[in-house]
Visitor: 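Please see the structure below; I have some questions.
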Protein chains: 2
Amino acid sequence: MLSELKPTRVEDAYLRLKDEILQNRMPPGFQAPEPEIALHLGMSRTPVREALIRLENEGLVRLIPRRGALVLPVSAGDMREIYEILTALEPEAAASLARKKPDAGSLQELEAITLAMESALANGDLDAWADADDRFHRKLLAMHANNRMTNFVNTLFDQVHRARMTTLRLRKPPEQSTREHREILDHIIAGDVEKARKSFRAHRERAADELLSILESYRLPAL
Amino acid sequence: MLSELKPTRVEDAYLRLKDEILQNRMPPGFQAPEPEIALHLGMSRTPVREALIRLENEGLVRLIPRRGALVLPVSAGDMREIYEILTALEPEAAASLARKKPDAGSLQELEAITLAMESALANGDLDAWADADDRFHRKLLAMHANNRMTNFVNTLFDQVHRARMTTLRLRKPPEQSTREHREILDHIIAGDVEKARKSFRAHRERAADELLSILESYRLPAL
DNA sequence: CCTTCAAACAATGCATACATTAATGCATGA
DNA sequence: TCATGCATTAATGTATGCATTGTTTGAAGG
């Protein structure tokens with residue numbers, strides 16, 4: 001209904017480039033001038049330029065005057081920034097959800113995602129686990145219905161996506177994270193505002209610590 | 001040093017348009033097609049387009065396919081979204097500042113801004129008061145050194161700017177806000193993390209309530 | 001007088017053109 | 001060999017051109 005009636009080239013360029021970046025096919029450090037990207041995408045510079053500006057706003061790319069677009073690495077410092085924001089915002093969203101009892105359908109969906117995460121963990125399917133993790137966080141945000149918050153946080157998720165994917169296999173199975181998701185969901189369902197907030201906050205703080213310590217122990221200054 | 005070595009037209013268009021919007025010379029609801037804006041700014045459509053895209057990302061404008069750029073009003077719902085985010089983020093920044101004791105120079109500056117606010121209140125100079133208020137919030141953010149947070153929150157400040165300016169004169173002198181700023185500053189200086197957080201949170205929650213109730217009592221659905 | 005339809009108009013999305021200017025490479029000279 | 005400077009190359013920033021398509025106007029018909 002509200003979807004693009006007219007698929008525009010800018011949109012196409014944006015989506016394709018973003019995908020290449022997130023899937024690490026255009027890894028951090030990759031650099032290319034506009035004409036080259038335009039050629040690669042089979043369109044003129046104009047829509048490419050607009051797509052790049054958008055990607056720059058979202059923190060995935062930097063446009064350097066005579067050198068083209070640079071795919072940005074995400075440093076430990078970036079992670080700290082990002083996780084600090086997530087730690088402040090997501091628990092607020094969870095608390096608000098606990099307060100205003102979401103509709104059954106949405107809760108149902110969150111439940112399904114949580115189950116998917118639990119079974120992925122049981123099966124040792126890390127990709128499925130990461131996918132469920134991502135979906136849980138995004139769904140929760142979407143349910144909260146603060147569009148500005150949702151959009152912003154989603155760009156942060158995108159920024160850390162690569163880092164999460166690579167660290168995923170450098171650590172123990174994410175049992176604790178899985179338990180925490182279940183716990184958060186329970187608190188929301190129970191309508192316990194403060195516990196929902198606290199749990200989520202703890203979840204984020206632990207995740208941040210874990211991620212940063214992995215980066216440190218593997219000497220990964222950036223991803 | 002880091003300033004624009006090359007003032008570009010995009011930048012110029014962006015700054016001028018943003019200024020017109022914030023100063024209410026292009027009021028909410030104002031609408032104009034790209035060619036008209038380009039003419040007004042004395043340049044071609046290309047840089048105007050890029051500037052408009054940027055303003056759209058920042059939530060000041062909406063680009064409607066065949067009708068041009070529309071200066072967005074800020075509704076009560078928008079306010080709620082924005083203040084919810086501010087309520088989550090700013091107290092975090094304040095708490096973090098209290099924790100890691102900022103350098104004397106910065107504190108000095110915050111102190112000066114707070115004094116300016118207090119004297120503006122005493123003199124009944126509302127414009128000076130609003131300016132000090134804005135500077136306090138922005139300075140505090142800047143001191144916290146989380147660029148993503150700073151940039152994002154600054155765009156939110158911009159979005160509510162008009163609303164704040166008009167409600168400024170529809171209410172009692174902002175004595176409480178002034179006291180709260182002082183209080184927050186004291187807690188930061190004292191290094192009391194929890195009190196800094198709590199005070200700031202209360203400050204924001206009260207401000208949001210106040211603003212929304214003014215909108216309601218004056219029947220202003222949007223600004 | 002109101003509705004309907006078509007033709008004219010106009011704005012966008014995109015491609016292309018072009019001037020400016022930084023980066024690069026090469027030749028020259030120490 | 002290495003530094004210096006000039007010529008070449010190429011990327012950006014901006015302007016312009018153009019096809020598509022939504023909007024509007026006005027005339028004809030009910």
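Chain naming here is simple, since letters A, B, ... match the order of the sequence lines and numbering starts at 1 in each.
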Visitor: Looking at the side chain of P33(A), which of dT14(D), dC14(C), dA11(D) is the nearest nucleotide?
Guide: dA11(D)
Visitor: Rounded to the nearest Å, what distance is computed from the CD atom of residue E36(B) to the P atom of nucleotide dT12(C)?
Guide: 10 Å
Visitor: What nucleotide, of dC14(C), dT12(D), dT12(C), holds the atom closest to the side chain of T8(A)?
Guide: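 Looking only at heavy atoms from C-beta outward on T8(A), the closest nucleotide is dC14(C).
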Visitor: R45(B) side chain N/O closer than 4.0 Å to the phosphate oxygens (OP1, OP2) of dT16(D)?
Guide: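 No, no such contact exists.
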Visitor: In terms of side-chain heavy atoms of P47(A), which of dC14(C), dT12(D), dT24(C) is nearest?
Guide: dC14(C)
Visitor: Quickly work out the E11(A) CD to dT12(C) P distance and round it to whole Å.
Guide: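 Spelled out: CD on E11(A) to P on dT12(C) is 18 Å.
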Visitor: Side chain of R66(B) only, please: which of dG22(D), dA17(C), dC14(C) is the nearest?
Guide: dG22(D)
Visitor: Salt bridge between E216(A) and R80(A), side-chain N to carboxylate O under 4.0 Å?
Guide: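 Salt bridge between E216(A) and R80(A), a charged N being under 4.0 Å from a carboxylate O: no.
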Visitor: Indicate whether any N or O donor in one side chain lies under 3.5 Å from an N or O acceptor in the other, for R16(A) and H40(A).
Guide: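 Absent: no donor and acceptor within the cut-off.
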Visitor: Need one value for R49(A): base, sugar-phosphate or nothing, where a base atom within 4.0 Å counts as base even if backbone is also close, heavy atoms only.
Guide: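 The residue R49(A) makes base contact.
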Visitor: Send over the distance from E34(B) CD to dG13(C) P, rounded to a whole Å.
Guide: 7 Å
Visitor: Using a cut-off of strictly less than 4.0 Å, decide whether T46(A) has a side-chain nitrogen or oxygen near OP1 or OP2 of dC14(C).
Guide: no
Visitor: Does a side chain donor of either D78(B) or S75(B) reach within less than 3.5 Å of an acceptor in the other side chain?
Guide: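 D78(B) vs S75(B): donor-acceptor pair found between side chains.
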Visitor: Take atom CG of D12(A) and atom P of dG13(C), then tell me their distance rounded to the nearest Å.
Guide: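 Atom CG in D12(A) sits about 15 Å away from atom P in dG13(C).
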Visitor: Could you state the atom-to-atom distance from CD1 of I53(A) to P of dT12(D) in whole Å?
Guide: 12 Å
Visitor: Whether E50(B) and R49(A) form a salt bridge (side-chain N of Lys/Arg under 4.0 Å from carboxylate O of Asp/Glu) is what I want to check.
Guide: yes
Visitor: Could you check which of dT12(D), dA11(C), dA15(C) has an atom nearest any side-chain atom of M43(A)?
Guide: dA15(C)
Visitor: Relative to each other, are the rings of H181(A) and H203(A) parallel, tilted or perpendicular (30° and 60° limits)?
Guide: perpendicular
Visitor: Are OP1 or OP2 of dG22(D) and a side-chain N or O of R67(B) less than 4.0 angstrom apart?
Guide: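 So the side chain of R67(B) is outside the cut-off, no N or O lying under 4.0 Å from OP1 or OP2 of dG22(D).
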